[in-house]
S.K.: 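Structure in structure tokens, see below.
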There are 2 protein chains.
Amino acid sequence: MSKKNHWTLKSIAKELGVSNATVSNAFNRPDQLSKSRRESILAACKELGYFGPNKAAQSLRRGKFNIVALVLPDSIEYMVSDPVASSFMRGVASVLEKDGTNLLLFSGNSDNLNNVVDFVDGFICYGRPRNQSLVEQLKIVPKHVVTVDFDIGRNASVNINNEQASYEVAKHALHNKDDQVAILGLRLLDQNVLCRVYEHHECEAGQSIAHQRLRGYQKALTELDIPIADDRIWNIPESSERFASIAAKEALCSLPRPSVLLCMSDLIALAAMREAIKMGLKIPEDIRIVGFDGIDEAQRFVPKLTTIHQNSEEKGALAANLFITKEEQKALINYELQLGQSS
Amino acid sequence: MSKKNHWTLKSIAKELGVSNATVSNAFNRPDQLSKSRRESILAACKELGYFGPNKAAQSLRRGKFNIVALVLPDSIEYMVSDPVASSFMRGVASVLEKDGTNLLLFSGNSDNLNNVVDFVDGFICYGRPRNQSLVEQLKIVPKHVVTVDFDIGRNASVNINNEQASYEVAKHALHNKDDQVAILGLRLLDQNVLCRVYEHHECEAGQSIAHQRLRGYQKALTELDIPIADDRIWNIPESSERFASIAAKEALCSLPRPSVLLCMSDLIALAAMREAIKMGLKIPEDIRIVGFDGIDEAQRFVPKLTTIHQNSEEKGALAANLFITKEEQKALINYELQLGQSS
DNA sequence: CTGTTAGCGCATTCAT
DNA sequence: ATGAATGCGCTAACAG
């Protein structure tokens, strides 16, 4: 007898003439019934086209959803084309996929965690979300949270030592006190504008990645006794070719012409190298350029970029593992100074 | 009186001394109660820390989940770093984000749609999933499905005319019957191997993108009366730098040396250009190379690549729109022949 | 306009 | 080893 094509645990149990608990157990708790019974039930279900308990109902009942929301710093559409974010997602995805956990992409522009909080097991947050109110919500949300590249009050996080890394790459790019230095910063300011950063007094206090990196640069500058003028630091609001090119052009045209360009991302450094080449400058003879991130394209570029290679994929994998194991750990991940011909 | 921190519709209703339907209505159906009543209830809820009906329960009840699964052709970790797939996802995400629909990434390697089918509203499938059994499931799954770059029995799909596009770009690359042509194909064979494709008899029948493109190439070749030897077509199993470089090297070293390289993706064409340059070949004097896709990196490369620009982002946006509106439409999307200096 | 009730589909006691 | 009952948290139909 073929009932309607849509079986439920209840209807299939009735069809088979057993109680629904038995069917449930057959699928979920093998130890609760005899092997033969279980197998005959499973076979009958398959035969009839019942593929197992409804996941939504199961989740509601158990309070477990097998979905984790990956909270991106910005809109999904923006993040998905960012090479560093992509690597990170790759690491996350590889671990979650093995674990059978589903990955939901969540925009850092959303204004409410509530839209998803009820059907995810928790959150992996890659960088501070653009919408600050999300941060506040993440602090108190009653689910598991792993933060990456920033911290909130919670205990599971993955970071790299941005200050030390920046210090190292700057140290490599800088030669002596006669160097003319310009810094192309990424999101140094909250304001969404491309401009120079005349005031950076609060840098010591700044907790953002950009400020950590800036501190690293400054430490290197200070050690070499290199002054940096107030008008030699740029703020680029997002890691895009367009903004980076404009800022690079401004920097390269500023006088005295910089001999060193410290860039807070490889994408920025690449744009800067392209602009420099267009202007007929020789790299590194006329200008030394260093980046941050270690993306593939920058390694393939001629000249190869000197940069800090962040192990983004590993970062993602670690974050996902922390999530799965629910370990409360503040992890610090390695980076590598990657030497190229650009400095 | 502060109850436990976890409110439910029921508990909050009791706390407020109203029925649960009233609270539900306050959140979902403003027209069902007076404005003042509604507002006072909402205010009280906010005050007490109840942020609205539990979404999981709501979804179970309504049968609507506000999640769509984006079925990728391959593993998530592989897809997320593919520039074409990323563009597509960008398009999808931009539309879904505006619609308030959440995006779940689903691997084309999974073997069971059942793990998610119960808590998504449907599927957007970007390319034929590597796991063929997923295709079978997609054909019969009782939810809305939009396919992209391939078709199943269902009625909503987005495609481009691969054959025509390939024909055009080949036509542009080919000059006359003395051209020596090699084809770097992407997933021409089911087998996951890098090799030459000696037999392509079944090309006429092949429905895959690769075969559609191959037909386009062959049409152009035929029109110009250019023969193509049996051993001049390569199969590259995935669009990665590594495989592409190997195949490109093989092709470039084969004798007589090709004067034209028809590549089924820009990533492949880029790898080929790099290998050619390494070998001291001049592009396009010694060898003309064309790609397919229109990714950014290929446009920035020197020489700029001649290719077919697929509007992947638009494709994604259209697919998402079809999904949302539930329109049953087989859409065909435009492409553009993008001329560079590589041919 | 408001409250009562019956499920959505299931997992888990607690009996037997 | 099995079955009846309860409720996860909610919405929609219905009754008042």
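All chains are named by letter (A, B, ...) in the order of the sequence lines, taking the proteins before the strands, and each is independently numbered beginning at 1.
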S.K.: Rounded to whole angstrom units, what separation is found between the CZ atom of A/Phe65 and the P atom of D/dC8?
M.R.: 14 Å

S.K.: Would you check if the distance from the ring center of A/Tyr50 to the ring center of A/Phe27 is below 6.0 Å?
M.R.: yes

S.K.: Given the ring of B/Phe323, does B/Lys326 sit roughly above its face, with NZ or CZ under 6.0 Å from the centre of the six-membered ring and within 45° of the axis?
M.R.: yes

S.K.: Of B/Leu60 and B/Val18, whose nearest nucleotide on DNA chain C comes first from the 5' end?
M.R.: B/Val18

S.K.: Would you mind reading off the distance between B/Asp31 atom CG and C/dC1 atom P, rounded to a whole angstrom?
M.R.: 9 Å

S.K.: Could you tell me whether a side-chain N or O of A/Asn311 sits under 3.5 Å from a main-chain N or O of A/Glu314, the two making a donor and an acceptor?
M.R.: no

S.K.: Quick check for you: to the nearest 0.5 Å, what is the distance between A/Asn155 atom CG and A/Glu328 atom CD?
M.R.: 5.0 Å

S.K.: Assert yes or no for the condition that the ring centre distance of A/Phe150 to A/Tyr126 is strictly below 6.0 Å.
M.R.: no

S.K.: Estimate the overall bend of the helix from C/dC1-D/dG16 to C/dT16-D/dA1 from the end axes over five pairs each, rounded to 10 degrees.
M.R.: 40°

S.K.: Rounded off to whole Å, could you give me the CZ-to-P distance for the B/Phe27 and D/dG9 pair?
M.R.: 16 Å

S.K.: With a 4.0 Å cut-off on N to O distance, would you call A/Asp121 and A/Lys143 a salt bridge?
M.R.: no

S.K.: Does OP1 or OP2 of D/dG3 have a side-chain N or O of A/Thr22 closer than 4.0 Å?
M.R.: yes

S.K.: Would you indicate whether B/Lys330, at its atom NZ, is surrounded by more than 12 heavy atoms from other residues, nucleotides or ligands within a distance under 6.0 Å?
M.R.: yes

S.K.: Rounding to an integer number of Å, can you tell me how far A/Lys14 NZ sits from D/dG3 C1'?
M.R.: 14 Å

S.K.: One character per nucleotide, please: for nucleotides 10-16 of chain C, 5' to 3', B when the base has a protein heavy atom closer than 4.0 Å, S when only the sugar-phosphate does, - otherwise.
M.R.: BBB----

S.K.: Output, in order, the C-alpha distance, side-chain angles, deciding distance and verdict of side-chain hydrogen bond (donor to acceptor under 3.5 Å, both in side chains) for B/Gln212 and B/Asn162.
M.R.: CA-CA 6 Å; B/Gln212 293 170 17; B/Asn162 279 290; 3.1 Å; yes

